[in-house]
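Some notes on the structure that comes next.
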Amino acid sequence: MMHEPAGQDEYGSASPFDPDDLTTLNVMGPGVASNDFEKYAVAVIIVFGALIIGGLMAATLALGHRNGFLYALGGATAAWISGNALLLDRPRIYALFVGIAAVMLIASTITLVI
């Protein structure tokens with residue numbers, strides 16, 4: 001059996017981790033048995049939330065619903081403020097602004113549908 005060049009496994013794929021450095025793997029990223037996926041979940045929520053709010057704003061603009069756009073803009077602003085409250089570790093303010101954002105986005109959707 002031939003020895004593979006450094007940085008490649010037996011199939012020729014490059015591996016960023018040296019098998020001898022398994023003790024330092026946790027320092028580089030979340031471990032296999034780790035429950036540190038909260039950051040990634042928050043990032044997914046933020047990205048898809050921004051896409052939904054942006055899509056709602058675009059739909060209300062395209063259909064000429066000024067009030068729906070303003071509700072969506074208010075919802076986006078409340079969601080932005082809630083993100084800052086989350087960073088500042090203010091859970092009650094965070095919950096308040098998430099609720100405000102949800103109510104405003106529901107109102108925007110209702111104005112778009114009706």
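- Residues passing the side chain to side chain contact (heavy atoms under 4.5 Å, CB included) test with Leu51 are Val47, Phe48, sequence neighbours excluded.
- Taking a 4.5 Å side-chain heavy-atom cut-off between Ile, Leu, Val, Met, Phe, Trp and Tyr, the cluster of Ile114 extends to Ile106, Ile110.
- Note on Ile93: it clusters hydrophobically with Trp80, by side-chain heavy-atom contacts below 4.5 Å among ILVMFWY residues.
- For the side chain to side chain contact (heavy atoms under 4.5 Å, CB included) test, residues two or more places apart in sequence or in another chain that qualify with Ile46 are Val42.
- As a member of the Ile/Leu/Val/Met/Phe/Trp/Tyr network built from side-chain separations under 4.5 Å, Leu105 groups with Ile53, Leu56, Met57, Leu61, Leu63, Phe69, Leu70, Leu73, Leu112.
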Could you tabulate the donor-acceptor pairs under 3.5 Å formed by side-chain atoms of residues 95-104, not counting sequence neighbours?
none

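- Put simply, the side chain of Ser82 never gets that close to the backbone of Tyr94: no donor and acceptor are under 3.5 Å apart.
- Grouping Ile, Leu, Val, Met, Phe, Trp and Tyr residues whose side-chain heavy atoms lie under 4.5 Å apart, directly or via other members, leaves Leu87 alone, with no other cluster members.
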